[in-house]
Peer 1: 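Sharing a structure, written as structure tokens. Questions coming.
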Amino acid sequence: MAITDLPLEPDVVIVGAGIAGGMVADVLSARGLRVLILESGPRLDRAQLVRDWRTSDQTHFMAPYPNPEHAPVPDPANWGNYLIQTGPDPYHQQFIRGVGGTTWHWAAATWRFLPNDFRLNSLYGVGRDWPLSYDDLEPYYLQAERLMGVAGAPGPALAPRSSPFPMEAIPLSYMDRRIAEVLNPHGFQMEVEPVARNREPYDGRPPCCGNNNCMPICPIAAQYSGNIAVEKAERQGAEVITEAVAHYIEKSGPGQVSAVRFKRADGSEWRVRTRMVVLAANGIETPRLLLLSAQEGAEGGLANSSDQVGRNLMDHPGTMAVFDMPYPVWPGRGPQENTSILRYRDGKHRSTMAAKKLHLWNGSAVAGVSEEAIEEGLTGTSLVEAVKERAARRCSIANFHEQLPEAENRLTLSADKMDPLGLPRPEIYYEIGDYVRESALHTAEVFQEIIDLLGAEKVSIEDGSEGFRPNNHIMGGTIMGADPLTSVVDAECRAHDLDNLYIASSSVFSSGACVNSTLTIAALALRIGETVAERLR
């Protein structure tokens with residue numbers, strides 16, 4: 001099929017209209033640069049997503065979102081539909097194709113990394129150091145928090161700040177307050193979670209009203225989502241082409257790229273020429289695109305002279321404890337997450353086992369206890385009373401374990417399994433190593449200690465022996481480093497091999513720490529935007 005050239009030549013082509021692509025586009029378009037964003041999915045409408053969630057017969061968080069026929073996404077009801085798993089552990093990750101990306105369905109947790117998180121190898125002898133420091137990112141953390149509207153409170157286990165949070169923390173639920181009252185005197189450092197969720201009207205969005213539906217969709221937009229940055233960039237002149245699957249980046253000579261090819265849903269192929277390319281898909285689609293772009297002078301894939309593209313995949317493998325409090329605490333009122341336990345976030349233990357963040361879940365327990373009671377054979381009044389009594393006391397604590405970047409954990413292209421556009425599907429080898437497993441065994445002991453302190457009754461405690469919970473924090477894949485022989489991008493997130501290609505994604509993370517990745521993605525994106533704007537000025 002012939003390739004059609006677009007009749008425009010923007011200064012910058014951004015691949016991906018999530019929070020990273022939106023933040024980069026916001027900065028560039030505000031400086032008067034011509035920006036084109038290619039997004040593989042459609043535009044999303046909040047009201048329609050809410051209706052689709054209410055009427056869906058599925059309960060997973062991807063249920064209200066489209067799974068484009070031309071460009072599938074991983075489906076929790078059918079994990080084998082897109083990602084091909086070849087390793088001993090599944091890399092079951094969710095992401096949304098659509099303007100705004102996966103921040104449509106997130107808990108809005110906006111943790112900064114700690115200064116020590118950037119020096120994991122230097123301090124603890126494991127993993128990798130970042131080629132930049134916390135101080136390099138701190139101004140961009142602050143800028144991202146202001147753009148997103150982060151509500152939070154200072155705490156001893158949080159990163160240092162040069163300015164207060166944009167908003168005061170959202171009030172804690174009764175459940176969070178009661179549990180914190182018990183645990184904090186025992187040194188558990190139960191901190192208020194910083195969140196991109198409005199406590200008061202902010203940036204034209206309303207305050208949180210406690211729908212307890214943060215995932216999969218905030219129905220009133222009190223919670224920040226990446227489409228906000230994209231729409232702001234569009235008001236400043238940026239253009240967006242939806243349902244455009246970038247599949248090949250053309251080189252024009254040593255160290256330069258000159259065009260991006262993309263396919264539409266009908267299979268037609270297009271080319272757009274540009275001065276600069278920023279890849280802002282996600283930790284799966286970004287390395288996949290680079291591998292798909294193998295060509296003369298880049299036979300192993302674009303930006304891959306180090307053979308590190310696709311390698312070092314990470315997540316935050318999780319476990320969970322479920323328990324019944326000895327008195328009603330009524331989970332399910334207010335945001336789904338309010339507090340985290342940071343006692344094990346940093347320290348010498350990181351030399352032998354993963355750091356971790358534990359977080360109390362404030363989601364409604366009604367669905368789970370109803371299913372449980374029905375399976376017990378309860379009916380009628382007995383069923384109603386059991387659900388009321390159990391739902392008021394049923395609580396859970398989950399966690400994120402830090403994972404080290406390992407070259408063996410990698411994404412490659414399938415040799416024989418294609419997607420609907422005829423492009424090789426991602427094939428993933430993934431293994432959760434002893435660093436995480438040792439920590440998970442310790443986490444199980446911590447869970448039991450917490451349950452005992454609360455005087456609660458254990459329902460279940462996971463220790464990783466029967467698998468880990470994925471948390472959709474797709475990191476690694478185009479890892480950052482100072483040495484071009486062992487990394488894909490430098491400290492500016494510019495590809496070592498290419499002077500005019502940048503990557504705005506958690507795929508560049510040198511390490512994952514044990515907290516949510518989104519705020520660091522946003523901070524890096526804003527920094528990239530400034531760098532690119534200065535170069536093109």
Side-chain angles (χ1 to χ4, degrees), residues 17-19 22 39-69 71-79 81-82 92-109 148-149 170 173 195-198 205-231 242-243 282 318 320 330-338 359 361-372 374 387 391 394 396 398 469-474 516 518:
I19 190 169
E39 168 53 48
S40 61
R43 290 190 184 269
L44 302 173
D45 177 76
R46 189 176 301 273
Q48 185 60 52
L49 291 170
V50 172
R51 288 192 291 270
D52 290 346
W53 173 238
R54 287 173 172 165
T55 58
S56 176
D57 61 354
Q58 301 290 318
T59 57
H60 56 77
F61 290 150
M62 287 295 290
Y65 295 95
N67 194 335
E69 185 175 342
V73 294
D75 180 0
N78 176 21
W79 280 117
N81 75 308
Y82 182 56
H92 286 162
Q93 304 295 319
Q94 301 173 29
F95 60 87
I96 295 169
R97 294 190 193 266
V99 175
T102 310
T103 48
W104 278 98
H105 89 9
W106 64 317
M148 298 164 74
I170 291 175
S173 71
V195 291
R197 183 179 299 115
N198 290 352
R205 295 180 287 117
C208 173
C209 63
N211 277 289
N212 200 245
N213 207 68
C214 320
M215 295 182 286
I217 175 70
C218 176
I220 65 169
Q223 184 167 285
Y224 184 89
S225 49
N227 60 296
I228 293 169
V230 176
E231 291 160 8
T242 58
E243 299 182 318
N282 57 47
M320 179 180 285
W330 297 285
R333 301 190 298 177
Q336 290 169 325
E337 286 186 20
N338 293 296
H359 39 271
W361 176 244
N362 187 39
S364 170
V366 170
V369 299
S370 298
E371 184 176 336
E372 176 186 286
I374 290 169
V387 170
R394 179 64 51 87
S396 61
R469 295 171 181 267
N471 280 296
N472 311 310
H473 301 158
I474 309 166
N516 309 65
T518 304

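The figures here come from the full heavy-atom set of this structure, side chains too, leaving out hydrogens, waters and symmetry mates.
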Peer 1: Take V387 and V366 through the test side-chain contact (heavy atoms from CB on, under 4.5 Å) and record every step on the way to the result.
Peer 2: CA-CA 7 Å; V387 170; V366 170; 4.2 Å; yes
Peer 1: Apply the test side-chain contact (heavy atoms from CB on, under 4.5 Å) to residues Y65 and I217: give CA-CA distance (whole Å), side-chain angles for both, the deciding distance (0.1 Å), then the verdict.
Peer 2: CA-CA 10 Å; Y65 295 95; I217 175 70; 3.8 Å; yes
Peer 1: Got a sec, which residues hit side-chain hydrogen bond (donor to acceptor under 3.5 Å, both in side chains) with E243, two or more places apart in sequence or on another chain?
Peer 2: none
Peer 1: Can you check whether D75's main-chain N or O pairs, donor with acceptor, with N81's side chain at less than 3.5 Å?
Peer 2: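 At least one qualifying donor-acceptor pair exists.
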Peer 1: Are the side chain of N472 and the backbone of F95 linked by a donor-acceptor contact shorter than 3.5 Å?
Peer 2: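 Here the side-chain-to-backbone pair does not exist.
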Peer 1: R43: what forms a salt bridge (charged side-chain N to carboxylate O under 4.0 Å, His left out) with it, not counting sequence neighbours?
Peer 2: E234
Peer 1: Tell me every residue that passes side chain to side chain contact (heavy atoms under 4.5 Å, CB included) with P219, counting only those two or more places apart in sequence or in another chain.
Peer 2: V50, N211, N213
Peer 1: When you look at R205 and I228, which way does the side-chain contact (heavy atoms from CB on, under 4.5 Å) test go after all the steps?
Peer 2: CA-CA 10 Å; R205 295 180 287 117; I228 293 169; 3.5 Å; yes
Peer 1: Is the shortest heavy-atom distance from the side chain of P335 to the side chain of V195 under 4.5 Å?
Peer 2: no
Peer 1: List the steps, then state whether side-chain contact (heavy atoms from CB on, under 4.5 Å) holds for T102 with N282.
Peer 2: CA-CA 9 Å; T102 310; N282 57 47; 5.6 Å; no
Peer 1: Which pair of heavy atoms, one from I19 and one from Y224, lies closest together, and at what distance?
Peer 2: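 Taking I19 first and Y224 second, the nearest heavy atoms are CD1-CE2, 3.8 Å.
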Peer 1: Taking only residues at least two apart or on different chains, which pairs with a member in residues 94-105 satisfy salt bridge (charged side-chain N to carboxylate O under 4.0 Å, His left out)?
Peer 2: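 Counting only pairs at least two positions apart or across chains, the salt bridge (charged side-chain N to carboxylate O under 4.0 Å, His left out) contacts touching residues 94-105 are R97-E285.
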Peer 1: Donor-acceptor check, side chain of N362 to backbone of G332, threshold 3.5 angstrom: yes or no?
Peer 2: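 Side chain of N362 to backbone of G332, a donor-acceptor pair under 3.5 Å: yes, one is there.
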Peer 1: Do the side chain of Q336 and the main chain of M215 share a donor and acceptor less than 3.5 angstrom apart?
Peer 2: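 Pair found, side chain donor or acceptor close to backbone of M215.
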Peer 1: What is the minimum heavy-atom distance between M62 and P74, and which atoms define it?
Peer 2: CE-O, 4.4 Å
Peer 1: Which atom names give the shortest non-hydrogen contact between A221 and P206, and what distance separates them?
Peer 2: O-CD, 4.0 Å
Peer 1: Which word best sums up how the rings of W53 and F61 line up, parallel for under 30°, tilted for 30 to 60°, or perpendicular for over 60°?
Peer 2: tilted
Peer 1: With a cut-off of 6.0 Å (strictly less than), are more than 12 heavy atoms of other residues, nucleotides or ligands near CD of E371?
Peer 2: no
Peer 1: What distance do Q94 atom CD and H105 atom NE2 have between them, rounded to the nearest 0.5 Å?
Peer 2: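 With rounding to 0.5 Å, CD (Q94) is 4.5 Å from NE2 (H105).
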Peer 1: Quick one: list whatever passes ring-ring contact (aromatic ring centres under 6.0 Å, His included) with H473, sequence neighbours left out.
Peer 2: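 Result, ring-ring contact (aromatic ring centres under 6.0 Å, His included) vs H473: H316, F400.
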Peer 1: How far does CD of Q93 sit from CG of N471, to the nearest 0.5 angstrom?
Peer 2: 8.0 Å
Peer 1: Side-chain donor-acceptor pair under 3.5 Å between N227 and S225, yes or no?
Peer 2: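 A donor-acceptor contact under 3.5 Å links the two side chains.
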Peer 1: Minimum heavy-atom separation for W106 to Q223, with atom names?
Peer 2: O-NE2, 2.9 Å
Peer 1: Would one find more than 12 heavy atoms of other residues, nucleotides or ligands at under 6.0 Å from atom CZ of R333?
Peer 2: yes
Peer 1: Can you give me the closest heavy-atom contact between G363 and N212, atom names plus distance?
Peer 2: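 Here G363 and N212 meet closest at CA-OD1, 3.6 Å.
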Peer 1: Could you tell me the separation between the OG1 atom of T103 and the CE atom of M148, rounded to the nearest 0.5 Å?
Peer 2: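 Spacing of OG1 (T103) from CE (M148) equals 7.5 Å.
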Peer 1: Please confirm whether the backbone N or O of V99 pairs with a side-chain atom of W104, one donor and one acceptor, at under 3.5 Å?
Peer 2: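 Side chain of W104 to backbone of V99, a donor-acceptor pair under 3.5 Å: yes, one is there.
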Peer 1: Indicate the atoms forming the closest heavy-atom contact of G41 with E39, along with that distance.
Peer 2: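 Distance-wise, the nearest heavy atoms are N-OE2, 2.8 Å.
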Peer 1: List in chain and number order the residues that pass side chain to side chain contact (heavy atoms under 4.5 Å, CB included) with P207, two or more places apart in sequence or in another chain; answer none if no residue qualifies.
Peer 2: P201
